[in-house]
Amino acid sequence: MIRVQKQDFDLATELSALSAGNHNIGGITSFVGLVRDMADGEQVGAMTLEHYPGMTEKMLEQIEAEANKRWSLEASLIIHRYGRMEPGEQIVLVACASPHREAAFEACHFLIDWLKTKAPFWKLEEKDSGAAWVDARESDADATAKWDKANT
């Protein structure tokens, strides 16, 4: 399931809904991304995420489908927020449910790595020195490449 939304989410509610009625699920892993208050040694006052509606959801569906192709998952969930958020607020939730923990852990890790580099979101950080768009990081590309190698 994919959701791109402005409003916050409740982790417990989302995880409960993910497994409701499915007793083949042996474990759920989740990752919640938060807005940090520091970046490159500067205080961050807020972060604004922008996206192209329709295009973003389509890419998230493709990323989720790839995870379901690689691992045996009973359910998966990606919630990504957009709009202006302050430090400490939740940005993203990725959760994977599987009969066995290894698939759930690996699929969750894969999803967040691929989201960081393939999901079409643009981040504007408000710092003491002014607002600036965040460039892609080499470490995120390296994390994604790890999964590309694992698939060959």
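What you see below is based on every heavy atom in this structure, not just the backbone, and it leaves out hydrogens, waters and symmetry mates. Only a predicted model underlies this, so the values are computations on that prediction, with no experimental measurement involved.
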If you round to the nearest 0.5 Å, how far is [atom2] of [Y] from [atom1] of [X]?
X	Y	atom1	atom2	value
Glu125	Met47	CD	CE	4.0 Å
Ile28	Leu73	CD1	CG	11.5 Å
Ile2	Thr56	CD1	OG1	11.0 Å
Gln90	Ile79	CD	CD1	9.0 Å
Asp8	Arg81	CG	CZ	4.5 Å
Glu106	Trp71	CD	CH2	6.0 Å

Between Lys127 and Asp40, is the side chain to side chain contact (heavy atoms under 4.5 Å, CB included) condition met? List the steps.
CA-CA 10 Å; Lys127 300 178 184 175; Asp40 302 321; 3.4 Å; yes
Linking I/L/V/M/F/W/Y whenever any side-chain heavy atoms sit under 4.5 Å apart, do [X] and [Y] land together?
X	Y	answer
Val35	Leu115	yes
Leu34	Ile112	no
Tyr82	Met85	yes

Closest heavy-atom contact between [X] and [Y]?
X	Y	result
Asp113	Thr144	O-OG1, 3.1 Å
Met38	Val44	C-CG2, 3.9 Å
Ala104	Gly27	CB-O, 4.2 Å
Phe110	Ile63	CE2-O, 3.9 Å
Ala97	Leu18	CB-CD2, 4.2 Å
Ala119	Leu60	CB-CD2, 3.8 Å

If you count the non-hydrogen atoms of other residues, nucleotides and ligands that lie under 6.0 Å from [atom1] in [X], is the total more than 12?
X	atom1	answer
Gln7	CD	yes
Phe9	CZ	yes
Lys116	NZ	no
Glu102	CD	no

Exercise. Is the closest basic N to carboxylate O distance between Glu126 and Arg84 below 4.0 Å?
Worked result: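 Yes, this pair counts.
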**Request:** Using a strict 4.0 Å threshold on nitrogen-to-oxygen distance, state whether Glu61 and Lys58 make a salt bridge.
**Result:** no
Determine yes or no for a side-chain-to-main-chain donor-acceptor pair under 3.5 angstrom, with Glu64 supplying the side chain and Ile78 the backbone.
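No, because the side chain of Glu64 does not come within donor-acceptor range (under 3.5 Å) of the backbone of Ile78.
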task = Assess whether side chain to side chain contact (heavy atoms under 4.5 Å, CB included) is satisfied between His51 and Val4, documenting all intermediate values.
result = CA-CA 9 Å; His51 74 108; Val4 179; 3.6 Å; yes
Counting C-beta onward and ignoring hydrogens, is there a side-chain heavy-atom pair between [X] and [Y] closer than 4.5 Å?
X	Y	value
Thr48	Lys123	no
Leu111	Cys96	yes
Ser30	Leu93	yes
Trp147	His109	yes
Glu42	Ser129	yes

Task: Side-chain donor-acceptor pair present, Ser98, Glu74, cut-off under 3.5 Å - done: no
Between Asp128 and Gln43, a side-chain donor and acceptor under 3.5 Å:
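The criterion, which ignores hydrogens and geometry beyond distance, is not satisfied for Gln43 and Asp128.
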Criterion side chain to side chain contact (heavy atoms under 4.5 Å, CB included) on Glu50 and Leu124, from CA distance to verdict | CA-CA 8 Å; Glu50 294 186 2; Leu124 180 70; 5.8 Å; no
Review point. What about the rings of Tyr52 and Trp122, do their centers lie closer together than 6.0 Å?
Key: yes
Test side chain to side chain contact (heavy atoms under 4.5 Å, CB included) on Leu49 and Ile91 and set out the steps.
CA-CA 9 Å; Leu49 289 175; Ile91 304 170; 3.3 Å; yes
